[in-house]
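Presented below is the structure to which this report refers.
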Amino acid sequence: MNPLFRPCTEADFPTVAKYMLALYQEDMPGKPMTLEKCQRTFQEFTSKPEKGQIVVFDIDNTIVGYAILVFFWSNEFGGDLVDVDELFVQKNYRRRGIGQLFFQWLEKSWHNKAIAYSLQTSPDNEGAIALYQRMGFAISDAVYFIKEP
């Protein structure tokens, strides 16, 4: 299996949107996601690629997952940070190394551009936590807060 990691196109979006909704149903059932939010994210990154990108995981012309990357400058780290805002692999393709290959691709693609990578997961997602730790991620010293209006 040799996945291709590439930008999401308009033709890819219906499948990716389905996966976006599935991610929230599986990993964050108390935080509903809407198709409208997914469409806004796709439109924002299509019109302003300097802000972020949706990457599809393509195996033999079949989309099996996606990641949302958000780019920003971090004063704390003194350079560009790539935040993996979301990462999803379709159930039938999990535990086959796709996530690990994605992070290898990400580091190779952003080599000498990103000073650090960040991500979040729910505390109950033990599989994701184990993957992230194997890939060298550590729990941040900071506590993450958010306030919604």
With distance as the sole test, does [X] use its side chain to make a donor-acceptor pair with the main-chain N or O of [Y] at under 3.5 Å?
{"X": "Gln90", "Y": "Asn92", "result": "yes"}
{"X": "Lys113", "Y": "Ser109", "result": "yes"}
{"X": "Tyr66", "Y": "Cys8", "result": "no"}
{"X": "Arg6", "Y": "Asp58", "result": "no"}

**Request:** Assert yes or no for the condition that the ring centre distance of Phe42 to Phe13 is strictly below 6.0 Å.
**Result:**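 Yes, the ring centres sit under 6.0 Å apart.
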Kindly indicate whether the side chain of [X], heavy atoms from C-beta on, has any atom under 4.5 Å from the side chain of [Y].
{"X": "Leu21", "Y": "Cys38", "answer": "yes"}
{"X": "Ile68", "Y": "Met20", "answer": "yes"}
{"X": "Leu87", "Y": "Phe102", "answer": "yes"}
{"X": "Leu101", "Y": "Phe57", "answer": "no"}

**Message:** Count I, L, V, M, F, W, Y as connected when their side-chain heavy atoms are under 4.5 Å apart, and connections chain through other members. Are Ile129 and Val89 then in the same cluster?
**Reply:** no
**Request:** Please lay out, stage by stage, how Leu131 and Arg134 fare under the test side chain to side chain contact (heavy atoms under 4.5 Å, CB included).
**Result:** CA-CA 5 Å; Leu131 169 66; Arg134 280 195 313 272; 3.7 Å; yes
**Message:** Taking the six-membered ring of Trp105 as reference, does the cationic atom of Lys108 (NZ for Lys, CZ for Arg) lie under 6.0 Å from its centre and within 45° of its axis?
**Reply:** no
**Item:** Side-chain donor-acceptor contact under 3.5 Å, Gln120 with Tyr132
**Value:**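 Short answer, no.
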**Prompt:** For Asp12 and Thr15, does a side-chain donor sit closer than 3.5 Å to a side-chain acceptor?
**Reply:** no
**Item:** ring-ring contact (aromatic ring centres under 6.0 Å, His included) between Tyr117 and Phe137, worked out
**Value:** CA-CA 8 Å; Tyr117 306 93; Phe137 286 87; 7.1 Å; no
**Item:** Intermediate values then yes/no, salt bridge (charged side-chain N to carboxylate O under 4.0 Å, His left out), Arg94 and Glu26
**Value:** CA-CA 14 Å; Arg94 292 180 189 162; Glu26 287 179 27; 2.8 Å; yes
